[in-house]
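What you see is a predicted model; the values in this text were computed from it and never measured.
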Amino acid sequence: MQITGFDYQRVPVAEGVSLNVAIGGSGSPVVLLHGFPQTHLMWRHVAADLVADHTVIVPDLRGYGDSDKPADTGETYSKRTMAADVVAVARAFGHPRFALAGHDRGALVAIRAGLDHPDAVTHLASLDVLPTLDMWDVMHGASAAVGFHLYLMAQPPGLAEKMIAAVPDEFFGYFLDAWTQNPDAIPADVRAEYLRASREAVTSIVADYRATAGIDITHDTADREAGRHLTMPVTVLQQDWGAALGYDAAAVWRKWAPDLDHRTVTSGHFMAEEGPAEVIRALRDLLAR
């Protein structure tokens, strides 16, 4: 499936690795990164609006969708590596500087891109995650059961992949159901595409999550200890996880992003599909800062 009105290209980002990328429009560039268990299609409503005023670049992350899925060597799916992919994609289209928005896994990639490439990322939006270190910090006790998949896929290679591959549609479909308030927001054909793409990417998806319990912690800890933060304007859209898990979400974010606009949404996790008007409004406000 494709986003209507967008052109598609395969863009080399590293030796032996190319990403599937949709691009449309003209004007200042905006890159949109998808989450789990989805593909670039999750941005179809938002991209269709932003394309009126911007060059909109929407890749499948490495390891997801129709992008390449290289074998994991330890850092293959670090957010640092995946962020470098994003910078390479934008540069391939002639944009050394760009605004960046990410949802879920894509938001973790966006955060790392903002920390590693502050001269490239002009504006940053994060949808429904916390930075990696803070995510692990707030997961404790019985409330951590909501993130059981984080712990499953953090295990050494082997068991998690076999378990998920045994019932992939049930596993990935569980999240599409549990995290959605309005099931109609993900129509049957889009859901089928998400399940197909995820079914074909079990090993790389697990590797992505495993990195977040390993190498990504190392990178984020180094930044925290060095006092690094996101220097560009940042907008965060989140469900009310702070109330659910007992922390001050805006305060957590402000430590990383001094120029912060933090908003709590009423839609479910897949807010770009359930509440695209709210997401579009927030991104347009961000781009005007």
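Geometric assessment of Arg105 against the ring of Tyr209 yields a positive cation-pi assignment under the 6.0 Å and 45° thresholds.
In this structure, CG on Asp285 lies 11.5 Å from NE2 on His123, to the nearest 0.5 angstrom. Once rounded to the nearest 0.5 Å, the distance linking CZ of Arg228 with CG of Leu115 reads 8.5 Å. Atoms CZ and CG, from Phe172 and Leu195 in turn, are 9.0 Å apart once rounded to the nearest 0.5 Å. From Thr132, atom OG1 reaches atom CD1 of Ile111 across 6.5 Å, with rounding to the nearest 0.5 Å. From Asp184, atom CG reaches atom CD of Glu273 across 12.0 Å, with rounding to the nearest 0.5 Å.
Not a single donor-acceptor pair under 3.5 Å links the side chain of Glu161 to the backbone N or O of Thr203. Counting only distance, with no hydrogens or angles, the side chain of Ser126 and the backbone of Val236 share no donor-acceptor pair below 3.5 Å. Gln239 contributes no side-chain N or O that, together with a main-chain N or O of Thr264, makes up a donor-acceptor pair within less than 3.5 Å. Counting only distance, with no hydrogens or angles, the side chain of Ser267 and the backbone of Gly275 share no donor-acceptor pair below 3.5 Å. When atom types are taken as modelled, the side chain of Thr55 and the backbone of Pro29 share no donor-acceptor pair closer than 3.5 angstrom. Put simply, the side chain of Thr235 never gets that close to the backbone of Leu286: no donor and acceptor are under 3.5 Å apart. Trp43 places a side-chain N or O within donor-acceptor distance of the main-chain N or O of Leu33, the cut-off being under 3.5 Å. Here the side chain of Arg10 pairs a donor or acceptor atom with the backbone of Asp66 at under 3.5 angstrom. Checking side-chain atoms of Thr221 against main-chain N and O of Ile217 turns up a donor-acceptor pair under 3.5 Å. At distances below 3.5 Å, not a single donor-acceptor pair connects side-chain atoms of Thr180 with backbone N or O atoms of Pro183.
Between the side chains of Asp223 and Trp256, no donor N or O sits under 3.5 Å from an acceptor N or O. With hydrogens and angles left out, the side-chain atoms of Tyr194 and His34 include no donor and acceptor closer than 3.5 Å.
No side-chain heavy atom of Phe171 sits less than 4.5 Å from a side-chain heavy atom of Arg199. You'll find the side chain of Val13 reaches within 4.5 Å of the side chain of Val89, heavy atoms only. Taking 4.5 Å as the limit, some side-chain heavy atom of Leu127 sits within range of a side-chain heavy atom of Val279. Looking only at side-chain heavy atoms (C-beta outward), Gln38 and His103 come within less than 4.5 Å of each other. No side-chain heavy atom of Pro37 sits less than 4.5 Å from a side-chain heavy atom of Tyr64. Residues Arg210 and Val206 form a side-chain contact, since some pair of their non-hydrogen atoms from C-beta on lies under 4.5 Å apart. Proximity of Asp137 to Met135: side-chain heavy atoms (C-beta onward) are nowhere separated by under 4.5 Å. The closest side-chain heavy-atom distance from Asp189 to Glu193 is not below 4.5 Å.
The two residues Gln238 and Asp128 come nearest to each other via the heavy atoms CA-OD1, 3.4 Å. Residues Pro233 and Thr122 share a closest heavy-atom pair of CD-O, 3.4 Å. Residue Arg91 comes nearest to Pro96 through the heavy atom pair CG-CA, 4.2 Å, listed as atom of the first residue, atom of the second, then distance.
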Going by atom type alone, with no hydrogens or angles, which donor-acceptor pairs under 3.5 Å involve a side-chain atom of residues 138-159 and a protein atom two or more places apart or on another chain?
unit_1	atom_1	unit_2	atom_2	d
Ser143	OG	His140	O	2.8
Gln155	NE2	Tyr151	O	2.7

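A salt bridge links Asp208 with Lys79: the distance from a Lys NZ or Arg NE/NH1/NH2 to an Asp or Glu carboxylate oxygen falls below 4.0 Å. In summary, Asp134 and Arg224 engage in a salt bridge, as defined by a charged side-chain N under 4.0 Å from a carboxylate O. One finds a salt bridge joining Arg284 and Asp49 here, because a Lys/Arg side-chain nitrogen approaches an Asp/Glu carboxylate oxygen to under 4.0 Å. Contact check on Arg62 versus Asp68 returns no salt bridge, with no Lys/Arg side-chain nitrogen under 4.0 Å from an Asp/Glu carboxylate oxygen. With salt bridges taken as basic N to acidic carboxylate O contacts below 4.0 Å, one links Arg191 and Asp177.
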Salt bridge (Lys or Arg N to Asp or Glu O under 4.0 Å) evaluation trace for Asp220 with Arg112: CA-CA 8 Å; Asp220 284 14; Arg112 175 45 56 194; 2.6 Å; yes

Step-by-step side-chain hydrogen bond (donor to acceptor under 3.5 Å, both in side chains) determination, Thr73 to Thr76: CA-CA 6 Å; Thr73 61; Thr76 307; 2.9 Å; yes

What's the verdict on side-chain contact (heavy atoms from CB on, under 4.5 Å) for Phe270 and Leu176, showing C-alpha distance, side-chain angles and the deciding distance? CA-CA 8 Å; Phe270 301 112; Leu176 294 174; 4.0 Å; yes

When you look at Val21 and Tyr8, which way does the side-chain contact (heavy atoms from CB on, under 4.5 Å) test go after all the steps? CA-CA 6 Å; Val21 183; Tyr8 279 74; over 6 Å; no

Pair Arg97, Ser28 - check side-chain hydrogen bond (donor to acceptor under 3.5 Å, both in side chains), show working. CA-CA 9 Å; Arg97 288 170 55 79; Ser28 61; over 6 Å; no

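Between Trp179 and His269, the angle of the ring planes goes over 60°, which puts this pair in the perpendicular group of the 30/60° scheme.
At most 12 non-hydrogen atoms from other residues, nucleotides or ligands lie less than 6.0 angstrom from CE of Met163.
Checked against side-chain contact (heavy atoms from CB on, under 4.5 Å), Asp7 has the following partners two or more places apart in sequence or in another chain: Ile23.
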